[in-house]
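Proteins come first, then strands; the chains are lettered A, B, ... in the order of their sequence lines, and each starts at number 1.
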Number of protein chains: 2
Amino acid sequence: MINPQWLRSFMVLAERGSFTRTADQLGLTQAAVSQHIHHLEAQLGPLLIRRPRQVELTPAGQALLGYCDDMEQAEKRLNLRLSGADDRQGEISLITPGSIGLSLYPLLLDLQASYPGLSVRHRFAPDQDVLEGVRNNHFELGLVTLKPDDPRLVACHFADEPLDLVVPATATVNSWEDLESLGFIDHPDGHAMASRLLSRVFPGNRGIRSIACKGFVNQVGLILEPVARGFGFTVIPRYAREAYAPGEAIRVVEMGPRVVDALWLIYRAEWPLSARARFVASELASRLTGETLALV
Amino acid sequence: MINPQWLRSFMVLAERGSFTRTADQLGLTQAAVSQHIHHLEAQLGPLLIRRPRQVELTPAGQALLGYCDDMEQAEKRLNLRLSGADDRQGEISLITPGSIGLSLYPLLLDLQASYPGLSVRHRFAPDQDVLEGVRNNHFELGLVTLKPDDPRLVACHFADEPLDLVVPATATVNSWEDLESLGFIDHPDGHAMASRLLSRVFPGNRGIRSIACKGFVNQVGLILEPVARGFGFTVIPRYAREAYAPGEAIRVVEMGPRVVDALWLIYRAEWPLSARARFVASELASRLTGETLALV
DNA sequence: TGTATTGATAAGGTTTTCTTATGATAAATC
DNA sequence: GATTTATCATAAGAAAACCTTATCAATACA
């Protein structure tokens, strides 16, 4: 590794051809510039031929000038990466639960179409894996349904995710017994969501565990298929339900008080969120909910 | 441009994850390493998260590590260019008169076949252009027929270039009058060479200007064609004549004393000749004359 | 609770880099 | 030919940067 000030002197000298003019330009004395070149030549061999009124580069001098150019390019790349100045360029790494992830997927594709400089790495995972992924610096952004209490993570309210009770289009549902007759279509977060919603709609019910499980699937996009075929009911977030093809043989039961899950956007607290991640997170929130995301 | 010692500390720290172990490896104190990182972070923002017993890089830290990598690659390229360590790789730039150039051309092609890492830039030019080309650093090696008296150039004896009097195969040449009957086929160095040779073979002759000029061509490879067809005689270097296809309708007149032009290899005196140029020059001399080239 | 490990920081010693002054050389001008 | 101007190299000393030593604070472990 070569002293950067020496290289700076050499570059200006190569351009201007005179020690005196180089010193002027750099705000140093001619003697300092002479010493810099002396150090470089001690290390690398003869770099230039001194002529009255003008220096000439040797091949070694030309090689060193090439190196200086390489260095400048590398520094530009570093500065670009550090500043993240262009918030519409670079990688976005996002890890989300399947429900909201399914809703965001087309929005992310739209963003990529609008800003071709963006590339998106998006993984669907349960809450626990989301936390790990962000904490371990594998993903810059994550969405979780429970606000984490971890000093290493920032959590911003991203959106509210209402839960829907979804039944076959032809079903009649007015009581807990109607649900028992239908049966339950489960998914990874199925029990937790059903418990939360149904304990509000049917207070004092016997619990979701007393209803026969008629199916299980861990792909959010596939949960409503058995419901549409009349095999049973399920409880899923509205965004996931809305992402399903319209005109299917399902309907939502609007009964009792609404239950809403808050979604939290998380990222590492110890360093600044990149400009592009800020931009994309804001766009997603805005396009999903129509509201402005309040990042800290 | 960032202080190289700071970068070195950062690189080792990123690898070993501890200030104390980094200091050990670099032969510095832990306090020095701490200060280096402090300087870098002052300039570039948080680069790492301090954990008990292990540090973790931020994205900015990772960007800086990428820069360090770029720096190391650039330095390797520079060292390779400076050392010219591999004398069988890189560009050879050579400028020669046509006569010897024609002889060297197949030898250069052979060398390239043997050492694919070599690339050859070879130009045919008269003496004066050879001197300019080397002096102006456009070509590293040059061949000239007159030893230059210029402190900027080194001149090594490369080869001796005997001159041949070439006549049509069917011609009878015993006197000056026989040459006058034939006529002279001229080329750019034709008059000078003919004067030198013929003043030795036919002392007191009337001079080459008294002989009718029957042709002129400035491509060395084409001079002997009109001679073969009986249009006249010429005087050219033996190497150029030997480069002509054998079995042609020409012959060499062996009369009187031999005349030999010395060929000088020239290159710039102010910096060392590259290893590959040394190698190639030696190979050419050896393959052309069977002798060892004495480079200074 | 006591001990060991680790990184940050203050103060001072050491090294490097800079400036000032001078000398040598070449070219231009009188 | 003598003098002046322009330019780079070098020596010496001043200023700045970098390093070490010593100490403190925080955390982990026995």
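For the segment residues 57-65 of chain A, the set of residues with a heavy atom within less than 4.0 Å of an atom of DNA chain C is empty.
A side-chain donor from one of Glu140(A) and Ser274(A) sits under 3.5 Å from a side-chain acceptor of the other. For the residue pair His122(A) and Thr96(A), a side-chain donor N or O sits within less than 3.5 Å of a side-chain acceptor on the partner.
Separating the CD1 atom of Ile2(A) from the P atom of dT16(C) is a distance of 17 Å, rounded to the nearest angstrom. In this entry the distance linking NE2 of His36(A) with P of dT10(D) reads 15 Å, nearest Å. Spacing between atom CD of Gln30(A) and atom P of dA24(C) amounts to 16 Å, rounded to whole angstrom units. What separates CG of Leu48(B) from C1' of dT6(C) is a distance of 14 Å, to the nearest Å. Rounding to whole angstrom units, CZ of residue Phe19(B) and P of dA26(D) are separated by 17 Å. The distance between atom CD of Gln5(A) and atom C1' of dA17(D), rounded to the nearest whole Å, is 13 Å. In this entry the distance linking NE2 of His38(A) with C1' of dT16(C) reads 14 Å, nearest Å. Atom-to-atom, CZ of Arg8(B) to C1' of dC19(D) comes out at 15 Å; the value is rounded to the nearest Å.
The aromatic rings of Tyr115(A) and Phe279(A) stand perpendicular to each other, their planes meeting at an angle above 60°, with 30° marking the opposite boundary.
Here the side chains of Phe10(B) and Leu57(B) are in contact, with some heavy-atom distance below 4.5 Å. At least one side-chain heavy atom of Ile100(A) sits less than 4.5 Å from a side-chain heavy atom of Glu161(A).
The phosphate of dT16(C) (OP1 or OP2) has no side-chain N or O of Asn3(A) nearer than 4.0 angstrom. A sub-4.0 Å separation between OP1 or OP2 of dA9(D) and a side-chain N or O of Arg50(A) is present. Note on Ser34(A): a side-chain N or O is less than 4.0 Å away from OP1 or OP2 of dA9(D). Of the side-chain N and O atoms in Thr29(A), none sit less than 4.0 angstrom from OP1 or OP2 of dC18(C).
One distance of note links CG of Asp70(B) with NZ of Lys76(A); it measures 13.5 Å at 0.5 Å rounding.
For Ala31(B), whose side chain is taken as the heavy atoms from C-beta onward, the closest listed nucleotide among dT19(C), dT9(C), dT7(D) is dT9(C). Closest contact between the side chain of Arg21(A) and the listed nucleotides dT7(D), dC19(D), dT6(C) involves dT7(D).
Thr20(A) comes within 4.0 angstrom of the backbone, heavy atoms only, and of no base.
Remark: the backbone N or O of Glu91(B) is paired with a side-chain donor or acceptor of Arg276(B) at under 3.5 angstrom.
If you check distances only, the side chain of Gln35(B) does reach the base of dT20(D) with a donor-acceptor pair under 3.5 Å.
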